[in-house]
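Working notes, beginning with the structure itself.
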Amino acid sequence: MKAILDHVGIAVRDIQEALAFYREALGLEVHAPEDVVTEHVRAHMIPVGGPSLELLEATSPDSAIATYVAKRGPGIHHVTLRVDDLPAALAQLKARGVRLVDQAPRLGAEGSLVAFIHPSAAHGVLVELKQRAALGLDLSVKRLAFGDLQLTTLHDGPFRLDGGAMFGVVPRPLWEKLAPPDDRNRIQLAMRPLLVEASWGRMLIDCGAGDKMGPKQVDIYALDRTRHLDHSLADAGLTSDSIDLALATHLHFDHFGGATAQVGGTLRPRFARARCLIRAAEWEDATHPHERNRASYLQENFVPLKEAGVVDFFPGDDQIKPGVRVVRTGGHTGQHQVVYLESGGRTAVFVADLIPTTAHLQDPWVMGYDLFPMETMAFKKRFIREAIDGEYLIFFEHDPKVAAGYIRETSGKRYVEQLL
Ligand SMILES: [Zn+2]
Ligand SMILES: [Zn+2]
């Protein structure tokens, strides 16, 4: 395994005294601190050449850093080595019987993945292995109170799609600056289902791709299942069983593939207690695919739901629950819809594939995947004007970095002010 020194973690007792030494006496630059809330730790990074020093300050007496300092005094706490493939590194260590603190990768700072090796295996040193976040990818779980609704953006892992197909008629020199393609011309995307919690229950809007893809598809779409919807639900303190309702914007695999799971050789609804809410005409289209949309409508993603009797069909644009309303956009698929969330006098919209990323703000930047691109453009033109004027909070399902933000316009130029 190839490993590079990333940083050395130093547990400090008094951060002001530590800064007086590292910043004032040594004259080093100290980055703004980052709180790791789950660990009750505040980390201050100090770049020193390639690697960094990381000053670790406990933010609560329960913190592992507080315990460490109480027991052993301040000093070197851990050494972090960066690896390219953390799951492979852990598998290699397990195969050799190395004692690990973390059996599986967990989410570290700045969207990285980390796992600790037990100090007894590393001759008295706590070793952290770290895999950097894929370029420009942020998959952290973010919560927002929105009137009577609690909105939480989750994720079902990263994937990639062909950059040309994602931007339709727009030439590559224009889009590649906003979405740099890899060596197979694919751009980095995320799948971000949105959790809506209210007095009436917990609703998931879309649910990612799930785990049923074969190795060929996994390779084509660069599906990375290291951290997926189960992990982000756990980060939000929930499980699949916590979900009461799953609403589909449309039935493409990257939006509702996660609604079914393979359990002991049979396909079952993935959310054991949930009713699935599906637009009736979208169901008709999805179950009668043609050559042009067959690769996106995979029957195993939704047919088992109806067989299990967990689907509630609705006929058209409707108020699904207090504060949750669907509106058909067409364009991308004949029945593609967006979801309006309205509470406390504010409006948020989950726009699904109408505006898949923040790089799709210009009216003619419409995906090559869309069945009816002129319809997409007409709806989008009206909608973006409405969203700017009404200050709608927009949830971008596929953007690798921005989960939600406001679309702004100054002297004809559009941009997104990121909120989440
Ligand atoms: Zn789609
Ligand atoms: Zn999509």
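All residue numbers refer to positions in the sequence shown, counting from 1. In each ligand, atom 1 is the first atom listed, and ligand 1 is the first ligand listed.
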Residue of the set His44, His31, His7, His77 for which side-chain hydrogen bond (donor to acceptor under 3.5 Å, both in side chains) holds with Glu54: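 Only one of His44, His31, His7, His77 forms a side-chain hydrogen bond (donor to acceptor under 3.5 Å, both in side chains) with Glu54, namely His7.
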Quiz item: cation-pi between Arg325 and Tyr340, 6.0 Å / 45°: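 Judged by the rule (NZ or CZ under 6.0 Å from the ring centre, within 45° of its axis), Arg325 counts as positioned above Tyr340.
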Phe379 ring centre to Arg382 NZ or CZ under 6.0 Å, with the angle to the axis within 45°?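 Geometry flag: set, cation within 6.0 Å and 45°.
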Below 2.8 Å, which protein N, O or S atoms neighbour the Zn ion (ligand 1), ignoring water?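 Listed by chain and number: His250 NE2, His252 ND1, His332 NE2, Asp353 OD2.
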Within the 4.5 Å heavy-atom criterion, are Val79 and Leu126 side-chain neighbours or not?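 Answer no - side chains too far apart.
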Regarding Arg328 and Gln337, is there a side-chain donor-to-acceptor distance under 3.5 Å anywhere?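 No, because no side-chain N or O of Arg328 sits under 3.5 Å from a partner of the opposite role on Gln337.
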Please determine if Glu391 and Arg408 form a salt bridge, counting it only when a charged side-chain N lies under 4.0 Å from a carboxylate O.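 Between Arg408 and Glu391 there is a salt bridge, with a charged N closer than 4.0 Å to a carboxylate O.
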